[in-house]
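Predicted model, so just to flag it, every value in this text is computed and none were measured.
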Amino acid sequence: MKKKVLLAYSGGLDTSVILKWLINKGYDVVCFIADVGQEEDLAAAKKKALAVGAHSVHIAHLQKEFVEDYIFPSLKAHAVYEGKYLLGTSLARPLIAKKLVEIAQGEKIASFAHGATGKGNDQVRFELTILKHIPSAEIISPWKDPEFLAQFSGRTDMLKYAKEHNIPVTSTLEKPYSIDENLMHTSYEGGNLEDPAYSPEEEMFRRTASPKNAPDQELKIAIEFQAGVPVSVVEMENGKKIAGSVELFKYLNEIGGKHAIGRTDLVESRFVGMKSRGVYETPAGTILLKAHLDLEGITLDREVMLLKEGLAPKIAQIIYNGFWFSPEMEFLMAAVEQSQKKVTGKVFLTLYKGNVMVTGRTSPYTLYHPQIASMDEIGGYDQTDAKGFIKLQALRLMRAHG
């Protein structure tokens, strides 16, 4: 019997070539396609894999799990890598790898393959998750295989191989960049973008309008949260309400993209050690992060907020580096979840030409009390207490040598 291997398959040039390459090496290849909200014909990808010679193809529809178990927890933690990147690809990979493991366990497959390069982060994210759940797993990573690298030095060799083996592809040598897409974002890298000074053409962007082409009329919305999780969005002008995790996320992607929200162009630090330029479109994530940050301002104790924001960069790094299923991630997210118990309420926002502007907020657990904070009322706060408070704070300053 041929040895079975489970391949993370996208239907693109790389994984289609890898599929045929594995078959030619004598493997019986089972393909797995994850539906994480990418705008692709998954049925066509399955048909293509079978035509190339796959033993079978599994398609898993993961949009709801992706939003609720990966995107929302990341946003609750305010996990933004190096202050800019909202981790769209980083969040999808552990979910895809976990589903690979589940299928492998069901079919008693002990070998895995993927198309991630040896220069990127995805190889780490896939392989750490697989090894976490199946320590004895064999992982075939062609882009780290000397035989594969000797045969394929670049896209020209892969396109030639595809033609020789009648593998249908849409890729061309003129493709200016690599695209990854899911519900959280659309990302672009490689090609022309490898020059950090290169300004991408407007035609590149799939998900967001240019601010120049965005509507001249602002859009006012209210987002309701319960324990840190967004549960509904309301358009203030007409009362239209959108509820449900996937539904509201897709709606925010739609209106955010229309109003030119969520573009980020950056040079980031890959886990393997090099710098990489990436361009991202993350409309819904950008809107939700802004709203959630604001709601915490009215519901979180200041010391809890300070501690939580101190954890955010570390959580982002953990996710980016592929350690979603790690003891440190479990430990830190337990703290985040504890902080969210009373992050409940509504945030009112205005969307306009690339801007997300918070205009108000309300919460049943508000820590803001007008009678204490008001400049027009005395009640609830004895201002004379501040005299002694300031003296005590100044004590160490007055004794300091400077």
Side-chain angles (χ1 to χ4, degrees), residues 8-15 33-40 45 62-63 66-67 70-71 74-75 79-97 114-126 143 155 170-171 175-196 198-210 249-250 252-254 256-257 260-272 274-289 316-317 319-322 324 354:
Y9 183 76
S10 68
L13 175 63
D14 285 27
T15 53
I33 302 172
D35 170 16
V36 287
Q38 66 271 40
E39 293 293 330
E40 294 177 7
L62 306 175
Q63 293 188 29
F66 183 38
V67 171
Y70 293 81
I71 294 176
S74 176
L75 291 172
V80 182
Y81 185 64
E82 295 188 331
K84 297 178 183 178
Y85 173 37
L86 270 68
L87 300 166
T89 300
S90 314
L91 292 167
R93 296 312 189 224
L95 170 59
I96 294 169
H114 63 78
T117 76
K119 289 186 176 182
N121 301 299
D122 284 341
Q123 58 175 335
V124 184
R125 296 162 185 160
F126 279 129
W143 285 112
R155 296 183 66 81
T170 57
S171 300
K175 184 180 178 183
Y177 34 72
S178 174
I179 300 172
D180 180 71
E181 186 174 49
N182 59 45
L183 271 177
M184 182 65 161
H185 79 181
T186 302
S187 71
Y188 311 86
E189 63 179 6
N192 297 337
L193 298 175
E194 290 182 351
D195 175 3
Y198 173 80
S199 297
E201 302 292 332
E202 185 60 37
E203 291 73 24
M204 180 187 80
F205 295 97
R206 293 183 171 192
R207 191 171 290 198
T208 58
S210 165
F249 203 84
K250 287 183 174 180
L252 289 174
N253 268 333
E254 178 188 344
I261 290 162
R263 289 188 186 183
T264 305
D265 187 327
L266 60 101
V267 174
E268 67 200 54
S269 304
R270 285 183 180 171
F271 188 28
V272 293
M274 66 190 73
K275 292 283 188 178
S276 172
R277 196 266 187 94
V279 179
Y280 304 98
E281 297 176 281
T282 319
T286 300
I287 296 168
L288 287 172
L289 179 65
Q317 183 189 58
I319 296 171
Y320 184 87
N321 289 351
W324 182 276

Hey, what do you get for CG (L86) to CG (L91), rounding to the nearest 0.5 Å?
8.5 Å
Would you compute the distance between atom CG of L95 and atom CG of L62 and round it to the nearest 0.5 angstrom?
5.0 Å
Atom pair CG (L252) and CD1 (I287), whose distance is rounded to the nearest 0.5 Å:
5.0 Å
Before you tell me yes or no, could you show the steps for E40 and I33 under side chain to side chain contact (heavy atoms under 4.5 Å, CB included), namely the whole-Å CA-CA distance, both residues' side-chain angles and the distance that decides it to 0.1 Å?
CA-CA 11 Å; E40 294 177 7; I33 302 172; over 6 Å; no
Verdict with reasoning, Q63 to K250, per side chain to side chain contact (heavy atoms under 4.5 Å, CB included):
CA-CA 10 Å; Q63 293 188 29; K250 287 183 174 180; 3.0 Å; yes
What residues form a side chain to side chain contact (heavy atoms under 4.5 Å, CB included) with S269, not counting sequence neighbours?
Y81, E82, K275
Contact summary for F249 and A284, nearest pair of heavy atoms:
O-CB, 3.5 Å
Taking the inter-plane angle between the rings of Y85 and Y280 on a 0 to 90° scale, is it parallel (under 30°), tilted (30 to 60°) or perpendicular (over 60°)?
parallel
The salt bridge (charged side-chain N to carboxylate O under 4.0 Å, His left out) partners of E201 (sequence neighbours excluded) come to none
What pairs with S10 under side chain to side chain contact (heavy atoms under 4.5 Å, CB included), at least two apart in sequence or on another chain?
T15
For the side chain of N121 and the backbone of F271, is there at least one donor-acceptor N/O pair under 3.5 Å apart?
yes
Rounded at 0.5 Å granularity, tell me how far CZ in R207 sits from OG1 in T186.
3.5 Å
Mind checking ring-ring contact (aromatic ring centres under 6.0 Å, His included) for Y70 and listing every partner two or more places apart, or none if nothing turns up?
W324
Across all chains, not counting sequence neighbours, the side-chain hydrogen bond (donor to acceptor under 3.5 Å, both in side chains) partners of Q38 are none
Measure the shortest side-chain to side-chain distance between M204 and V279 over non-hydrogen atoms and say whether it is less than 4.5 angstrom.
yes
Using a distance-only test with no angle check, is there a side-chain donor-acceptor pair under 3.5 angstrom linking R263 and T208?
yes
Under 3.5 Å, side chain of R125 to main-chain N/O of Y320, donor-acceptor pair present?
yes
Output the distance between atom CD (E181) and atom OG1 (T89), rounded to the nearest 0.5 Å.
10.5 Å
F126: ring-ring contact (aromatic ring centres under 6.0 Å, His included) partners, not counting sequence neighbours:
H114
So which atom in D180 and which in R93 form the shortest heavy-atom distance, rounded to 0.1 Å?
OD1-NH2, 3.2 Å
Distance col, row M274:CE vs K119:NZ, nearest 0.5 angstrom, shows 6.0 Å
For the student: nearest non-hydrogen atoms of P283 and N253, plus distance
CD-OD1, 3.5 Å
What is the minimum heavy-atom distance between S74 and L87, and which atoms define it?
OG-CD1, 4.2 Å
Take D14 and W143, measure what side chain to side chain contact (heavy atoms under 4.5 Å, CB included) needs, and give me the verdict at the end.
CA-CA 10 Å; D14 285 27; W143 285 112; 3.6 Å; yes
E189/R270 salt bridge by N-O under 4.0 Å criterion:
yes
Is any side-chain heavy atom of M184 less than 4.5 Å from a side-chain heavy atom of T282?
yes
Does V124 form a side chain to side chain contact (heavy atoms under 4.5 Å, CB included) with N321? I'd like the steps, not just the answer.
CA-CA 7 Å; V124 184; N321 289 351; 5.9 Å; no
Just wondering, do F205 and S210 contact through their side chains at under 4.5 Å, heavy atoms?
no
Does H185 offer a backbone N or O that forms a donor-acceptor pair with the side chain of N182 under 3.5 Å?
yes
Assess R277 against Y188: is NZ or CZ under 6.0 Å from the centre of the six-membered ring, and within 45 degrees of the ring's axis?
no
